[in-house]
Amino acid sequence: MSILKDLFHYNGNGWWRIPKTSESKTNPQYEHPFGKFAGMSKDFWTFITSGKGHASPAYYWAIAIILGLITMIEVWWFDVDELRYLLVPAMLFFSLVKFILVVAFFMHLKFDNKLYSTIFVTCMVIGVFIFSLFLVLSAFHGLGN
Amino acid sequence: MSNQDVTIQHGEEIKNSTGVSNKKLLMWAFLGSDVMFFGTFIGTFMAYRNKSLNGPYPSDTLDIPITSISTFVLLMSSLGVVLALHYLKESKMVLAKLWLILVIIMGMIFMGFQVYEFSHFAHIGMTPQANLFGSTFFTLTSLHGAHVSLGIIWLIFLLYNEYKGNLTSENAIDLELAGLYWHFVDIVWIIIFALLYLITAGDGVPPGGLPWIAGQ
Amino acid sequence: MSSIIGPKQFQIPRIFPRPMSHSGIWWWLGTVDHKKIGTMYGIVSFFWFIMGGIEALLIRVQLSQAENDIISPELYNQLFTMHGTTMVFLVVMPLSAAFFNWLIPLQIGARDVAFPRLNALSLWVFIFGSILMNISWLTGEAPNGGWFGYPPNSTIQFNPGNGMTFWVLGLNVLGVASIAAGLNFIVTIINMRAPGMTLMRMPVFTWMTFITSILIVLALPILGVAGIQMTGDRVYGTNFFNSEAGGDPIFWQHIFWLFGHPEVYILILPAMGIVSEILPTFARKPLFGYTFIVFSGIIIGFMGWFVWSHHMFTVGLGPAANTAFTLSTMLIAIPTGVKIFNWLATLWGGSIKFTTAMLFSIGFIAMFTIGGLSGVTHAVSPSDAQQQDTYYVVAHFHYVLFGGSIFAIFGGLYFWWPKFTGYMLNERLGILNFIIMLIGFNLQFAPMHWLGLDGMPRRIYTYAENMGWELSNLAATIGGFLIAFSVLIFMVNVFISRINKKLASGDPWDARTLEWSISSPPPHYNFVEIPKVEHIDDWWYKKYPELLEGSPKQTKSPKVTVEDTSNVDESKIHLPDLSYYPLFVGVGLSIAALGVIYSYALVTIGLILVFWGCIGWSTEPVNEPHEKHH
């Protein structure tokens, strides 16, 4: 709330001024505007992982339940006719979320050496980019003729 | 800080340049190449969507409820394999074996659903030779099924070794590698389910009539 | 497959005992040593080079005169298809693999690659896959659809028979070999470097191998998919490229060239790496712009993915797509040009020694530049519309592949021959080899530039008398025979040098990288002690540390000499034992592929061999527990 007050406060030095957030103090506790949320999620993270920094079975069950829920939402969405016009983006979004959850947590990429992530992400980027390019080319076959 | 990479096998005391396990690096690189493999098939499927000149069309054949169940089973098998790995690393062998057996059973259930689906499709006249949808659908799902089957064989082999006492928390990396492969197969299915089933299930006769017919 | 080593040493029961001896045929069939595997790659691919060359000579004989009828049109189609496929997949790729196998562990200071049995698997799958593809000659139906196999010409409807099926299955099997090798080298280069060898201290050849391996691992699966789709169409009646069912033949072109363009970078990057090693050695100067050369290689590898449709400019993609690919293709000439300038700068001011290897490398620069220039003219889609499917394209890719890759490979052979075998190749014969090859090559392929612009199409088995093409074609044929003669000189050189056996020291060229710090040929364990690396070209600066302290020129006598292997306690050095399982899997895979054409019984036998091999491999420990190590 104080941020909002700062945003609209006009103290005569100019009609706008950059709100003072925690990072403008010396030795800020969080490093960037969303730092507070990052900090909070870090605490949640430690809580979930029972302080050990790596997962316990309960944690894996939680991810699995989330995956199951998302699958159920996907199937429900498919059945609802009113939302059919949003089907493609929704499916892409949900499958992306599931993909990231499985890769990051079940495949442990988040906690492993960054080298594995680099390899896999690079391959995914190249693959997805090329095939999107391929689909675009197919869709616009003959454009400009 | 991963403790996954600490697993060093007896007799292998190579300290390498990055500290990551050779085998795990190999598996991740292999999965990267498999991404290109499945990506090409998925790309072909999406490019050929709505271009079949004759039926049966996706709306006549795809059965979303059944496939949702098999998707769910495969997702839970992913959970199973990660739990099996966890218990193996903590040397809780009974639980580890139990979960590995469950994964294998769930994998077989998934394959059972696939076989049922394929035979059902053959009955209603959808075959790989019937039209474009048949060709692309069957090759993609068959190759995925082949990957799943190889994974099941691998897991059975690991289970056998667990019973023999050869797979312990010290060489748990071997189960981890199989787990990575299994999760990858699961991810591919997640994408196939979304793209091949959910998005395509409404496709009937292509909009605007059949393509490549004179005048259209 | 993982190697399960448990408290009890569990192996599946063996029918044949594990080979242990260090002599005889099983020493070669069961080898997991990267040096032997490299030698076998080299010998087999050189054999296919001769075969592919004979196919080329037959083509040239047929084309030397107008309206010739020495070779029928059907045989002609088979000849140019197999010539292209052989040269790309059975010669340049495995010869590059031979160099990777020999040199990468030596250049990074390792004892072997990360997965020696996987390395052996690549070799055996390659050998049996190449045999599989060439069995088709014996059935009288070799593949005849071009090395790129475009449908509808290659569909079962217009191309009945087994020829093209052999082709796709052979390519899929060879793809497995390449992918396995690529994965192996990625892990080896990332994980097995000597202490102190950071990525930016690696030799350029190692860097190029690394980039090539990444390209292989990403591009070959795409070819595999295309192959599976075409096999489905030909054998099982699927509709991927069947226009009657709505399939689009253009998709084959897209998928093939998505593989095919990174493939040509796979073919050329190792050659660029070889040249980057030879030039500094014989110019007695460090490689100019190491960082630029490495980063150009990375950029070429990356941008190579975005240019594939320049092979499809005349297919009707539309001006928008054509423009986009023109731009991307012209952009990729930039990093290549950067490399050329850096090589020239390496030569400038150097104290150049014109050994055969150096001549081939300089020849590479010149020929590759010419090929690159004609390539840039192809990049522009309007001009490509005239050049597509003419001999101008044939001239372009032969300049870059023969004048590029093959010249560099020959240079590499002359350069590293002492290291591989322990004796020197005769320099005079080598220079003769180079001169005749250069003359023959240019005589053969330069006329193709104007033949193409004059309108001579590709893949025609003859041409009319009044086209005015006869003289150039005759010149090209003579050039072809000169090339054959020069290859003969090379083989004579090998033979004579083997007889004369002028022994080579570990470092006959006073070279720069780690492989020259060990004896020639290297001991089976490579290094007595794994070196500690402090610079790029570490061996050079260990020999001449005064260069680091500001001296402008090295002294006459190096400070250190090649490793002394006389007092080595070999029991401390653990190398993997031999294994025949990779051979089984290799044979099984090719038998299974053959079975797709002929009979499911063969598929079953093949797959049984593959499974048995894989399970045996997983349960076999890297080293048998026994008292004496070799």
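What's counted below: heavy atoms across the whole structure, side chains too, no hydrogens, waters or symmetry copies. In the text below, chain A, chain B and the rest are named by the order of the sequence lines, each starting its count at 1. The shown structure was predicted, so the numbers you read here are calculated from the model rather than taken from an experiment.
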With a sphere of 6.0 Å drawn around CZ of A/F99, does it hold more than 12 non-hydrogen atoms of other residues, nucleotides or ligands?
yes
Can you measure from CD1 (C/I255) to CZ (A/F134) and round to the nearest 0.5 angstrom?
5.0 Å
Interatomic spacing from OG in C/S309 to CG in A/L133 - rounded to 0.5 Å
8.0 Å
I need the minimum non-hydrogen distance between C/W308 and A/I130, along with the two atoms involved.
CH2-O, 4.4 Å
Let me confirm one number: the OG1-CD1 distance from A/T118 to C/I190, rounded to the nearest 0.5 Å.
9.0 Å
Measure C/I250 against the heavy atoms of chain A and call it side chain, backbone, both or neither at under 4.5 Å.
side chain
Reference residue A/F129; test ring pair (Phe, Tyr, Trp, His ring centres under 6.0 Å); the match among C/W305, C/F306, C/F302
C/F306
